[in-house]
Amino acid sequence: MPDRMLQFVAIPQQTPAKRAVAVRAGDFQEIYDEYLPAQAATQASRCSQCGVPFCQVHCPLSNNIPDWLKLAAEQRLEEAYEVSAATNNFPEICGRICPQDRLCEGNCVIEKGFDSVTIGAVERFITDTAFEQGWVKPAQPRRERAQSVGIIGAGPGGLAAADQLRKLGYQVHVYDRYDRVGGLMIYGIPGFKLEKPVVARRAALLAEGGVRFHLNCAVGVDVTLADLRARHDAVLIATGVYRARDIGGPGAGLGGIVPALDYLTAANRIGLGDAVPAFADGTLDARAKRVVVVGGGDTAMDCVRTAVRQGAASVTCLYRRDRANMPGSLREVKNAEEEGVRFQWLAAPEAFLGTLDVRGVRVVKMHLGLPDPSGRQAVEPLHGSSFTVPADLVIKSLGFDPEDLPGAFGAPALTVSPRGTLRIDQHSFMTSLPGVFAAGDIVRGASLVVWAIRDGRDAAAAMHAHMQHALQVAA
Ligand SMILES: Cc1cc2nc3c(=O)[nH]c(=O)nc-3n(C[C@H](O)[C@H](O)[C@H](O)COP(=O)(O)OP(=O)(O)OC[C@H]3O[C@@H](n4cnc5c(N)ncnc54)[C@H](O)[C@@H]3O)c2cc1C
Ligand code: SF4
């Protein structure tokens with residue numbers, strides 16, 4: 001066991017072992033191994049325990065990272081778990097899929113000369129160990145409250161709020177149009193980043209603690225928002241963003257051009273053992289196909305790596321900017337490159353070629369122009385630079401916008417921003433409808449799991465205050 005911290009000068013950074021490409025490309029299991037206890041302690045001991053921990057400042061949950069690193073270094077893992085769980089409902093999930101290079105680890109002070117502390121891997125290790133040891137317990141509220149809340153959406157935002165409110169003793173009901181709990185953590189993010197049992201054990205724990213799930217229940221179809229407002233003392237909307245941005249242009253309507261989330265959801269469902277007709281008939285299966293993915297975010301990276309695992313003949317990613325400007329995590333780009341994905345930087349589709357089904361993409365080269373007012377460089381096509389990439393399956397991954405919630409919920413008084421996200425009061429988290437709150441991607445636009453957790457926790461605190469106030473007024 002290390003006897004002190006600040007070991008970064010003597011001990012080099014060691015990330016958990018990554019499974020060999022030839023092995024991992026053949027399955028959907030996570031690619032990183034878990035630390036052994038001694039490794040986790042040694043890596044945690046590299047923390048410099050700085051006075052102003054920038055890792056904590058740049059963690060959306062303000063996790064007390066230096067504290068749990070010190071406890072992990074001392075192998076006081078149960079205490080480390082308690083500290084970690086105090087600010088994060090799902091530390092083992094964030095440890096796996098946060099883009100740490102942009103958040104905590106990217107701001108670690110020793111990063112400048114010595115490579116950052118492997119914060120995410122230690123965080124994951126602490127809570128996985130806590131599960132193994134039986135330290136993670138279902139909610140045990142000190143007292144039951146009669147008031148109830150309705151939460152629309154069982155993604156990380158809704159689940160974090162459910163956890164917080166159940167711990168306070170509220171009767172918590174979560175409604176989701178899907179058949180499983182987890183939102184994009186189940187049907188978007190592939191198993192090679194986050195294995196499904198990791199999400200399922202959280203869902204089971206919440207149910208054991210008294211959270212009631214109403215699955216296959218689409219609000220706006222099976223039940224109305226007005227029903228839920230009448231049924232519960234407060235309602236939280238945490239429905240995420242699901243309207244895929246589309247590509248136009250010649251040939252955009254050909255067969256074999258599919259939206260990213262349809263493709264990923266099918267792959268995730270197959271992994272979970274579901275029957276998916278559009279996979280069985282080959283529409284959403286990349287096997288033996290020449291695959292082109294358009295886009296450069298995390299979703300695009302998940303698509304290219306899923307296609308590799310399905311046995312695609314070739315996988316090409318087209319992105320209109322360069323590597324340095326990729327919106328996705330660079331760690332995931334590197335993993336994709338290792339797995340044989342070909343990146344075509346500064347390239348955008350101009351037309352899709354084929355008669356009935358797509359057979360190729362005509363691509364035009366781009367160059368980065370002058371920065372716009374936000375500082376981001378504009379992209380402009382280089383005339384006469386077109387070339388063709390053969391393709392049997394094109395996956396569109398250009399981002400997501402919110403659905404028309406006021407329309408879907410039959411609630412025209414629900415105020416949205418020009419881009420369709422729900423407007424909330426920044427302090428009360430309340431929407432324009434009294435007693436109706438909102439959190440996660442539906443407020444921020446497509447974001448991250450860690451931010452959805454943060455929003456869910458903040459919204460839960462605001463809902464608690466609102467319901468307490470209502471009780472006082474009624475008394
Ligand atoms: C492919 C992909 C990969 C990603 N990878 C990462 C990553 O590596 N790291 C990371 O941090 N983030 C990642 N993200 C982003 C992350 O998944 C989201 O930011 C996060 O899940 C948002 O949480 P949420 O609770 O707001 O919404 P969601 O997770 O989208 O959950 C919303 C839930 O609401 C339900 N719902 C919607 N409408 C209704 C309705 N009318 N009635 C009932 N239920 C409804 C949905 O079924 C869903 O279960 C990824 C996203 C995608 C698409
Ligand atoms: S929650 Fe995410 S940002 Fe915060 S410490 Fe964990 S991995 Fe880093």
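Numbering of ligands and ligand atoms starts at 1, following listing order. Just so you know, residue 1 is the first one in the sequence shown, and it goes up from there.
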Test item: side-chain donor near acceptor, Asp441 and Ser447, under 3.5 Å: no
Does one side chain, of Tyr35 or Thr42, offer a donor that lies under 3.5 Å from an acceptor on the other? no
Starting from [atom], which protein heavy atom do you reach first, and at what distance in Å?
atom: atom 1 (S) of ligand 2; result: Asn63 ND2, 3.4 Å
atom: atom 8 (Fe) of ligand 2; result: Cys104 SG, 2.3 Å
atom: atom 7 (S) of ligand 2; result: Glu123 OE1, 3.2 Å
atom: atom 30 (O) of ligand 1; result: Tyr242 OH, 2.6 Å
atom: atom 2 (Fe) of ligand 2; result: Cys98 SG, 2.5 Å
atom: atom 4 (Fe) of ligand 2; result: Cys59 SG, 2.3 Å

Under 4.0 Å from any heavy atom of [X], which atoms of ligand 1 are there?
X: Gly157; answer: 25 (O)
X: Tyr178; answer: 47 (O), 49 (O)
X: Ile152; answer: 42 (N), 43 (C)
X: Ala238; answer: 32 (C), 33 (C), 34 (O)
X: Gly440; answer: 26 (O)

I need the atoms of ligand 2 closer than 4.0 Å to a non-hydrogen atom of Leu103, numbered in the order shown. 3 (S)
For Ile65, take its heavy atoms, then give the atoms of ligand 2 lying under 4.0 Å from any of them. 5 (S)
Would you call [X] and [Y] a salt bridge, using N to O less than 4.0 angstrom?
X: Arg331; Y: Asp298; value: no
X: Glu403; Y: Arg243; value: no
X: Glu332; Y: Arg305; value: yes
X: Glu30; Y: Arg124; value: yes
X: Arg419; Y: Asp401; value: no

At under 4.0 Å between heavy atoms, is it the side chain or the backbone of [X] that contacts ligand 1, or both, or neither?
X: Thr239; answer: both
X: Ala260; answer: neither
X: Glu403; answer: neither

One pair to check against side-chain hydrogen bond (donor to acceptor under 3.5 Å, both in side chains): Gln164 and Asn89. What are the steps and the verdict? CA-CA 8 Å; Gln164 294 297 99; Asn89 303 76; 3.0 Å; yes
Is the closest heavy-atom distance from [X] to ligand 1 below 4.0 Å?
X: Met185; result: no
X: Cys98; result: no
X: Cys217; result: yes
X: Gly220; result: no
X: Phe409; result: yes

Assign the ring pair Phe54 / His58 to parallel, tilted or perpendicular, where the plane angle (0 to 90°) is split at 30° and 60°. tilted
Arg269 to Tyr187 six-membered ring, cation-pi geometry met (6.0 Å, 45°): yes
Regarding ligand 1, does Ile189 bring an N or O atom to under 3.5 Å of one of the ligand's N or O atoms? no
If you apply the rule salt bridge (charged side-chain N to carboxylate O under 4.0 Å, His left out), what do you find for Arg309 with Asp27, and how did you get there? CA-CA 6 Å; Arg309 283 159 177 77; Asp27 64 42; 5.3 Å; no
